[in-house]
Enquirer: 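Before I ask anything, let me first share the structure, which is written out below as C-alpha cells.
In what follows, every heavy atom counts, from backbone to side chain, and hydrogens, waters and symmetry copies are set aside. Everything numeric here is computed off the predicted structure, so don't read it as measured data. The chains referred to below are lettered A, B, ... by the order of the sequence lines, with proteins before strands, and numbering in each begins at 1.
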There are 2 protein chains.
Amino acid sequence: MSADTSNDGCEDTREAIMKATYRALRDNGTADLTIQNIADEFEKSKSLLYYHYETKDDLLIEFLSWLIDRNAEFLEGDDVETTEEFVSAMIPRDVDDERAGFRAAFVQMRAEAASDPAYREQFTQYDRLYRETLVGLIEQDVEAGRLREVDTDALADVLLSTIDGAMLRYATTDDDVMPTTREGADRLLASLRGEE
Amino acid sequence: MSADTSNDGCEDTREAIMKATYRALRDNGTADLTIQNIADEFEKSKSLLYYHYETKDDLLIEFLSWLIDRNAEFLEGDDVETTEEFVSAMIPRDVDDERAGFRAAFVQMRAEAASDPAYREQFTQYDRLYRETLVGLIEQDVEAGRLREVDTDALADVLLSTIDGAMLRYATTDDDVMPTTREGADRLLASLRGEE
DNA sequence: CATTAGTGACTGAATATTCAGTCAGGTCCG
DNA sequence: CGGACCTGACTGAATATTCAGTCACTAATG
C-alpha cells in the first residue's frame, strides 16, 4: 500500500506499464491510445492496469512525468556545459530510431496540453526548466568569452523555440528537417562568437 | 450534379460544418472532438454531418485542408515581401484571441500527423510550401542587399523551426513566449543585416 | 392551373460498436 | 491462512453510424 516510491517487483511492473504505454502511443497515436492497446503491448493483463492505477487518466498523468524524465536523460548522457553542446544534444545530426519514436510520443502528449490544464501545467514546468538551463549556459558562455554580449532572454527563447520547432517538424513531416536546422543554429551561434 | 466545385447551398452547409468543427476542436480539444460536439456547434442536425461526409475521419481530413487554407489567409492579409515581414506575421507581438484559439486547434491537428499518414502528408506539403516561401524571400533579400550572404537553406529551416516552435510553446504553455522569441528572431535578422 | 412524380437537404430515433472500468475468483509466497 | 499480484469475462455508458421518413421545391404532364 501507500503512495511512497518504494521498492519490490511492483515498481518493475509499473515501469513495464510505462514502457507499454509508450509503445502504444508511439504506434497508435493519442487518438487510439486505449487501455486495450496499452494492454496489448503489455505482457500481463488489462485488468492489472487497474490494479496499479485508479483510472486511465491517472495512468496517463504518471506516464507524462515518466516521458518528461526520460527526455531529461538524453541530456544527462552527454555532459552539456555550453550552449552549443545543449543545442547539439537537442538537435542531433543523426536521429536513431529510438529517439524518433520518442519524439513522436512526446509531441502527441504535448499537443494535449493545448486543451488539458493538467498537461499544460507539466509542460509549463518543463519549458521553464529548459529555458532556465539555457539562460544559465548562455550567461556562462558570455562570462567565459565564448559568446559576445547578447540579450540572454531573447537568445534563450529563440533557441528553445528552434529546438521545439525542429522536434515538431521532425515528428509530423516526411522531410528530414534536423540536419539543416542544426546547421542554421550552429551558424547562428558561430556568428555570436564573433566568427564571420 | 457532377463533382465540380459548383454553387448552391450545399457548399454553404459544408462551410458551416467546417466552422462548427473548428469551434468544437478549439473548445474541447482533439480528445473530446466527438460528432456530437461538432453537432452542438452546428445549427443543423447531427445526421446531416453524415449526409455530407462518409465518416468522421472523412470530415476531419477535409477539415485539416480547410484549417491549413485558413492559416495561409493570415499571410495573404498582410502583404509579406521580406523575410522580416514573414517572421513578423508568423510571430506577432500581440496575439488576439481568435488566433490564439486557432493555434491551439492547429497544434492539436498537427500532432496527429505523428501517427496518421494522411495527416502527415498534408503537413509535409504545408511545411514545404512555407519553407520554399521563406527561401524565396531570403534570396530576394540577399539580392536587394537587405541581408548579407548566408546559407539560404539553413536560415530558412532555422526560421521555420523557430516559428513552429514558438507556436507549439505558445499553445501548450502558460507563459507568453511569443514576444521574447520574436525579439530574438528580430535580433538574429538584424545581425544578418550587418548591424551590430 | 392542378396534379403527379421526383429530388436534394435534412431530421429523430434506432442500432452498432467501442471502451473504460468492475468483479469474482485464481495463484503464489510468506 | 492471508495478502499481494494477477486474470478473463462481463457491463454500462459513450459514441459513431444508419435509416426510414419529412419537407420544400422543381419539372413535367394533362
Enquirer: Check every atom of C/dG8, D/dT7, D/dC5 against the side chain of A/S45 and return the nucleotide holding the closest atom.
Expert: D/dT7
Enquirer: What nucleotide among D/dC6, D/dT17, C/dG21 has an atom nearest to a side-chain atom of A/K46?
Expert: C/dG21
Enquirer: Where each residue is assigned the nucleotide of DNA chain D containing its nearest heavy atom, which of B/N37 and A/K44 is assigned the position nearer the 5′ end?
Expert: A/K44
Enquirer: For a quick check of understanding: with a heavy-atom distance under 4.0 Å over all strands, which category does A/I35 fall into, base, sugar-phosphate or nothing?
Expert: sugar-phosphate
Enquirer: D/dT7 C1' sits how many Å from A/F42 CZ, rounded?
Expert: 12 Å
Enquirer: Please determine if A/R110 and A/D127 form a salt bridge, counting it only when a charged side-chain N lies under 4.0 Å from a carboxylate O.
Expert: yes
Enquirer: With the side chain of B/T34 defined as its heavy atoms from C-beta on, choose the nearest nucleotide among C/dA20, D/dA16, D/dG8.
Expert: D/dA16
Enquirer: What's the CG-P distance between A/D32 and D/dT15, to the nearest Å?
Expert: 15 Å
Enquirer: Where the side chain of B/S47 is concerned, which of D/dT18, D/dA9, C/dA9 is the nearest nucleotide?
Expert: D/dT18
Enquirer: Can the ring centres of B/Y119 and B/F123 be said to be less than 6.0 Å apart?
Expert: no
Enquirer: It should be established whether B/Y50 places a side-chain nitrogen or oxygen under 4.0 Å from OP1 or OP2 of nucleotide D/dT18.
Expert: no
Enquirer: On the nucleotide D/dC6, are OP1 or OP2 found under 4.0 Å from the side-chain N or O atoms that A/Y51 carries?
Expert: no
Enquirer: From OH of B/Y53 over to C1' of C/dA9, roughly how many Å is that when rounded to an integer?
Expert: 14 Å
Enquirer: Sub-3.5 Å donor-acceptor pair from the side chain of A/R26 to the main-chain atoms of A/A100, do we have one?
Expert: no
Enquirer: Could you state the CZ-C1' distance from B/R14 to C/dG8, rounded to the nearest angstrom?
Expert: 14 Å
Enquirer: Let me know the distance between CD of B/E54 and P of D/dA16, rounded to the nearest Å.
Expert: 17 Å
Enquirer: Quick one: which of C/dG21, D/dT7, D/dA4 gets closest to the side chain of A/L48?
Expert: D/dT7
Enquirer: Rounding to a whole Å, what distance do you find between B/I38:CD1 and D/dA14:C1'?
Expert: 15 Å
Enquirer: In whole angstrom, what separates A/Q36's CD from D/dG8's C1'?
Expert: 11 Å
Enquirer: Whether the side chain of B/R14 engages the backbone of B/H52 through a donor-acceptor N/O pair (distance < 3.5 Å, no angle test) should be reported.
Expert: yes
Enquirer: Roughly, in whole Å, what's the span from NZ in A/K56 to C1' in C/dC19?
Expert: 8 Å
Enquirer: Counting the benzene-type ring for Trp, do A/Y53 and A/F63 have ring centres under 6.0 Å apart?
Expert: no
Enquirer: Whether B/H52 contacts C/dC10 is assessed here as follows: a side-chain N or O lying under 4.0 Å from the phosphate OP1 or OP2. Is that the case?
Expert: yes
